[in-house]
Protein chains: 2
Amino acid sequence: MTKKYNISVEATLEVIGGKWKPVILCHLMNGKKRTGELKRLIPKITQKMLTQQLRELEHDGIINRIVYNQVPPKVEYELSAYGNSLREILHSLCIWGEHHIERTYGDTKDYLEDSILNQ
Amino acid sequence: MTKKYNISVEATLEVIGGKWKPVILCHLMNGKKRTGELKRLIPKITQKMLTQQLRELEHDGIINRIVYNQVPPKVEYELSAYGNSLREILHSLCIWGEHHIERTYGDTKDYLEDSILNQ
DNA sequence: CGTAATTGTTACGTAAAAGTGCCTACCCTA
DNA sequence: TAGGGTAGGCACTTTTACGTAACAATTACG
């Protein structure tokens, strides 16, 4: 049963869209991260959503999951080479979004969470 | 009640995301369109979703709604100057999506609707 | 007079996405 | 032996997005 896209943009948004994937991806753009590290960087995400989104990104080939066989467990996530091809796109989306927030609200700082990503 | 974004990408996706906005926008990239014309170009969209999405795009300043005062009614939608600033972004999203479909399924033609947009 | 043409609205129902709470496994250390 | 630290699973509820179907307004035309 072949799902059809109206237009290829939809395929991209299926990969990078949703409530949490953009943040996760942007953090991983700045380098490999452990699970708990991501949770700290994105305080409002729940354990469930975090792992769920990471699984989907992994499935789409965007990130690599690196498991260290030790106790307590250690797992790292990093952008794959393929995922890296999203870098420019995400950057453009960031820039445009910033302009849009500014255009809509007058300034950005009240509408962006405190985060190393928003500096 | 200030909604906060984790990252500005989210603001962009709020504007161009969802099930129908990308298609609508891409059609409007090719020029002004009447309501019925859009409905024909996007056969599976319902009247309700079409107008709902158009209203939101208008509200965000992305498109202009041009009403001709005549009967039967005539309304046209066109990309605004501001909306035009999304052109490059949508184009990149298209390109990446095409590659992704190809990478995932082997070819694109079985996964993209017949449409002047997919040529 | 009744109907077609065009754009749009509204109330309601369904399906998909996100959130909550509690549970597991493992070894180490106090 | 009880608890900490790390990653993650599962059942269930809530919220949001999307879809369906019927209705409105206006004028021209047969």
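Numbered from 1 within each chain, the chains take letters A, B, ... in sequence-line order. Note that the structure is predicted; figures quoted are calculated from it, not measured.
- Residue-level contact check: B/Thr46 touches the bases, meaning some heavy atom is under 4.0 Å from a base atom.
- Considering NZ of A/Lys74 and CG of A/Asn69, their distance stands at 12.5 Å, rounded to 0.5 Å.
- Following rounding to the nearest Å, A/Gln53 (CD) and D/dG9 (P) show an atom-to-atom distance of 13 Å.
- Along DNA chain C, the nucleotide nearest to B/Arg65 and the one nearest to A/Trp20 differ in position, and the one closer to the 5' end is contacted by B/Arg65.
- Side-chain atoms of B/Thr51 come within 3.5 Å of backbone N or O of B/Gln47 as a donor-acceptor pair.
- For B/Lys48 and D/dC18, the NZ to P distance is 9 Å, given to the nearest whole Å.
- Protein atom CD1 of A/Ile45 is 12 Å distant from nucleotide atom P of D/dG8, rounded to whole Å.
- Counting non-hydrogen atoms of neighbouring residues, nucleotides and ligands closer than 6.0 angstrom, the CD atom of B/Glu88 reaches no more than 12 such neighbours.
- Remark: C1' of D/dC18 and CD of A/Glu10 are 14 Å apart, rounded to the nearest angstrom.
- Looking at heavy-atom distances under 4.0 Å, B/Lys39 makes contact with a base.
- Picking from C/dT7, D/dG9, C/dT9 the nucleotide with the shortest atom distance to the side chain of B/Arg55 gives C/dT9.
- For the pair B/Lys19 and D/dG19, the criterion of a side-chain N or O lying under 4.0 Å from OP1 or OP2 is met.
- We find that CD1 of A/Ile24 is positioned 11 Å from P of C/dA18, with the value rounded to whole Å.
- Within 4.0 Å of A/Gln52, counting heavy atoms only, lies no atom of the nucleic acid at all.
- Within a 6.0 Å sphere centred on CG of B/Asp114, heavy atoms belonging to other residues, nucleotides or ligands number 12 at most.
- Between D/dT6 and A/Arg34, no contact under 4.0 Å exists linking OP1 or OP2 to a side-chain N or O.
- Mapped onto DNA chain D by nearest heavy atom, A/Val71 and A/Thr35 fall at different nucleotides, with A/Val71 at the one closer to the 5' end.
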If you apply the rule side-chain contact (heavy atoms from CB on, under 4.5 Å), what do you find for A/Asn118 with B/Tyr5, and how did you get there? CA-CA 10 Å; A/Asn118 300 319; B/Tyr5 299 103; over 6 Å; no

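- When the P atom of D/dA7 is taken as reference, atom CD1 of A/Ile66 falls 13 Å away, rounded to whole Å.
- Distance from the side chain of B/Met49 is smallest for D/dG19 among the nucleotides D/dG8, D/dG19, D/dC10.
- The CD atom of A/Glu14 sits 17 Å away from the P atom of D/dA17 (whole-angstrom rounding).
- Between B/Pro73 and A/Pro72, the residue anchored closer to the 5' end of DNA chain C is B/Pro73, taking for each the nucleotide with the nearest heavy atom.
- Of the side-chain N and O atoms in A/Tyr77, none sit less than 4.0 angstrom from OP1 or OP2 of D/dA7.
- What separates CG of A/Asn69 from C1' of C/dC27 is a distance of 13 Å, to the nearest Å.
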